[in-house]
S.K.: 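Quick one: structure below, then a few questions.
Since we're looking at a predicted model, the values are computed, not measured.
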Amino acid sequence: MFNNILNQIQEKIRSRDYVLTLHAEDEMINDGLTHFDVENVLLTGRIVGRQKDRQTDEWKYVVEGRTYGSEIAVVVSKFAFSRKLVIITVYVK
């Protein structure tokens with residue numbers, strides 16, 4: 001259903017055209033994940049949902065996939081107005 005969006009997310013990861021919010025960095029560290037884990041989730045995962053941001057009216061995409069250690073993790077991201085991918089949060093499921 002969201003194949004086109006997932007392809008866009010993966011292209012942003014491959015071209016390193018993304019940023020992590022401070023919240024995402026904190027959650028990543030708290031769950032013992034690395035940047036490589038986050039990238040792997042987005043490159044190999046699938047979109048399992050989307051959410052509308054109440055403040056900005058932007059869509060956020062929920063991607064579930066595997067870390068390098070084969071844990072199941074979730075990454076929530078959105079496209080900024082600049083079209084850069086913004087990783088909002090990440091957590092191990």
S.K.: Just how far is it from atom CD of Glu11 to atom CG of Leu43, taken to the nearest 0.5 Å?
M.R.: 10.0 Å
S.K.: List the atom of Tyr68, the atom of Phe36, and the distance in Å for their closest heavy-atom pair.
M.R.: CE1-O, 3.2 Å
S.K.: Restricting to non-hydrogen atoms, name the atom on Ala24 and the atom on Ile87 that form the minimum distance, rounded to 0.1 Å.
M.R.: CB-O, 3.4 Å
S.K.: To the nearest 0.5 angstrom, please state how far the CD atom of Glu71 sits from the NZ atom of Lys93.
M.R.: 13.5 Å
S.K.: Tell me whether Val75 shares a hydrophobic cluster with Val86, the cluster being built from Ile, Leu, Val, Met, Phe, Trp, Tyr side chains joined at under 4.5 Å.
M.R.: no
S.K.: Is there a chain of hydrophobic side chains (I, L, V, M, F, W, Y, each step under 4.5 Å between heavy atoms) that links Ile13 to Val76?
M.R.: no
S.K.: Is there a donor-acceptor pair closer than 3.5 Å between any side-chain N or O of Asp53 and the backbone N or O of Lys60?
M.R.: no
S.K.: Measure from the side-chain N and O atoms of Asp26 to the backbone N and O of His23, and report whether any donor-acceptor pair falls under 3.5 Å.
M.R.: no
S.K.: When you compare the side chain of Val90 with that of Val41, does any pair of heavy atoms fall below 4.5 Å?
M.R.: no
S.K.: May I ask whether Phe2 and Leu42 are part of the same hydrophobic cluster, defined by side-chain heavy atoms of I, L, V, M, F, W, Y residues being less than 4.5 angstrom apart, directly or through others?
M.R.: yes
S.K.: Check salt bridge (Lys or Arg N to Asp or Glu O under 4.0 Å) between Glu58 and all other residues, then give those that pass, not counting sequence neighbours.
M.R.: Lys78
S.K.: Supply the atom-to-atom distance Arg50 CZ to Trp59 CH2, rounded to the nearest 0.5 angstrom.
M.R.: 4.0 Å
S.K.: Of the non-hydrogen atoms in Phe79 and Gln8, which two are nearest, and what is the gap between them?
M.R.: CZ-CB, 3.8 Å
S.K.: In terms of hydrophobic clusters joined by side-chain contacts under 4.5 Å, are Val63 and Ile5 together?
M.R.: yes
S.K.: Has Lys52 got more than 12 heavy atoms of other residues, nucleotides or ligands less than 6.0 Å from its NZ?
M.R.: yes
S.K.: Which atom pair, heavy atoms only, marks the closest approach of Thr89 to Glu27?
M.R.: OG1-CG, 3.7 Å
S.K.: Closest heavy-atom contact between Tyr61 and Ile9?
M.R.: CB-CD1, 4.2 Å
S.K.: Where do Arg83 and Asp17 come nearest, in terms of heavy atoms and distance?
M.R.: O-OD2, 4.4 Å
S.K.: Just by distance, do the side chain of Glu64 and the backbone of Val74 share a donor-acceptor pair under 3.5 Å?
M.R.: no
S.K.: Out of curiosity, Leu85 CG to Arg16 CZ, how far, rounded to the nearest 0.5 Å?
M.R.: 13.0 Å
S.K.: Please say yes or no: joined through hydrophobic side-chain contacts below 4.5 Å, possibly via intermediate residues, are Val38 and Leu6 part of one cluster?
M.R.: yes
